[in-house]
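Heavy-atom basis, side chains included; hydrogens, waters and symmetry copies ignored. All residue numbers in this chain count up from 1 along the given sequence.
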Amino acid sequence: ILSVPDPGKESQCSLYMRELQEFVSRCQADYLSRNECQDFIYDSIKPIACRCVELFVRHASLIRPLGEGGKMRLAADFAQMELAISPFCRKVSDLGNHYKLLKAFRSLLRCTLDIPFFTN
């Protein structure tokens, strides 16, 4: 089925983030919610949530050049990432250092660098 993107939703987050959210929601509904032992499930899939954060931050750090519009969209993606991985844990803050990494990198997007670049 071909879906037409909602123009209002388009500015909120990227296509990657929408697809990730849909996939995680589908996994939650089809597989994870059917199990009785939720503690075991949360403990087992925590590394998946951590890996999602690691890869997302790694790939976000490689984006060059990044204008103001790109920064805003990336900041929206960081906020959406927290929502996307929330079915994989009781609280996103339970991810520990990975959660801190996500929050710290998002705050770096608001910073401006006044460091001159040297050219040869």
Side-chain angles (χ1 to χ4, degrees):
I1 298 173
L2 184 63
S3 63
V4 177
D6 180 19
K9 193 174 182 181
E10 186 71 27
S11 63
Q12 291 177 2
C13 62
S14 66
L15 176 62
Y16 167 78
M17 197 53 58
R18 287 194 303 270
E19 288 180 357
L20 178 65
Q21 289 172 336
E22 290 172 8
F23 175 75
V24 170
S25 295
R26 191 171 57 249
C27 287
Q28 172 67 20
D30 293 348
Y31 305 108
L32 303 177
S33 65
R34 295 181 183 192
N35 291 303
E36 297 291 324
C37 189
Q38 291 297 311
D39 292 333
F40 175 75
I41 295 297
Y42 283 130
D43 290 341
S44 299
I45 61 176
K46 182 180 175 181
I48 296 171
C50 291
R51 185 70 174 153
C52 285
V53 171
E54 284 176 20
L55 291 175
F56 179 70
V57 170
R58 181 181 303 162
H59 291 160
S61 69
L62 296 174
I63 298 173
R64 299 284 187 280
L66 189 60
E68 287 303 314
K71 285 182 184 180
M72 289 176 49
R73 190 156 191 180
L74 196 53
D77 279 358
F78 271 87
Q80 293 296 317
M81 175 57 90
E82 289 184 47
L83 296 174
I85 61 173
S86 63
F88 287 165
C89 45
R90 288 179 190 86
K91 297 182 301 185
V92 181
S93 60
D94 290 344
L95 298 178
N97 287 338
H98 290 88
Y99 176 69
K100 291 176 186 177
L101 175 67
L102 192 65
K103 298 299 269 186
F105 196 93
R106 184 178 178 195
S107 66
L108 285 176
L109 291 173
R110 289 183 237 129
C111 295
T112 58
L113 294 177
D114 294 329
I115 302 170
F117 291 97
F118 298 102
T119 59
N120 292 335

Gap separating the SG atom of Cys50 from the CG atom of Leu95, nearest 0.5 angstrom: 4.5 Å
If you look at every heavy atom in Ser44 and Pro47, which pair is closest and at what distance? O-CD, 3.4 Å
In residues 26-36, what donor-acceptor pairs under 3.5 Å come from side-chain atoms, sequence neighbours left out?
unit_1 : atom_1 : unit_2 : atom_2 : d
Ser33  : OG     : Gln28  : O      : 3.0
Ser33  : OG     : Ala29  : O      : 3.1
Arg34  : NE     : Asp30  : O      : 3.1
Asn35  : ND2    : Tyr31  : O      : 3.2

Could you list the residues that satisfy ring pair (Phe, Tyr, Trp, His ring centres under 6.0 Å) with Phe56, not counting sequence neighbours? Phe78
Would you say Ile63 ends up clustered with Val57 if hydrophobic residues are merged whenever their side chains have heavy atoms under 4.5 Å apart, either directly or through other cluster members? yes
Once you round to the nearest 0.5 Å, how far does CE of Met81 lie from CG of Leu55? 8.5 Å
How about CZ on Phe23, more than 12 heavy atoms from neighbouring residues, nucleotides or ligands closer than 6.0 Å, or not? no
Can you list every salt bridge (Lys or Arg N to Asp or Glu O under 4.0 Å) pair that touches residues 75-92, not counting sequence neighbours? Asp39-Arg90, Glu82-Lys103
Residue list, side chain to side chain donor-acceptor pair (under 3.5 Å) with Glu54, at least two apart or on another chain: Arg51, His98
Check for me, please, whether Leu101 and Ile85 land in the same ILVMFWY cluster - side-chain distances under 4.5 Å, paths through other members count. yes
I'd like to know if the side chain of Lys46 reaches the main chain of Asp94, judged simply by a donor and an acceptor atom lying under 3.5 Å from each other, with no hydrogens or angles considered. yes
Taking side chain to side chain contact (heavy atoms under 4.5 Å, CB included) as the test, write out the residues that go with Leu83, two or more places apart. Gln21, Gln80
CG of Leu15 to CE of Met17: how many Å apart, nearest 0.5 Å? 10.5 Å
Measuring from atom CG of Leu74 to atom CG of Leu108, what distance do you get when rounded to the nearest 0.5 angstrom? 11.0 Å
How close do Ser14 and Arg73 get, counting heavy atoms only, and between which atoms? CA-NH2, 3.8 Å
Would you give the length of the straight line joining atom CD1 of Ile45 to atom SG of Cys52, rounded to the nearest 0.5 angstrom? 10.0 Å
If the condition is side chain to side chain contact (heavy atoms under 4.5 Å, CB included), which residues does Val24 pass it with, not counting sequence neighbours? Leu20, Pro87, Phe88
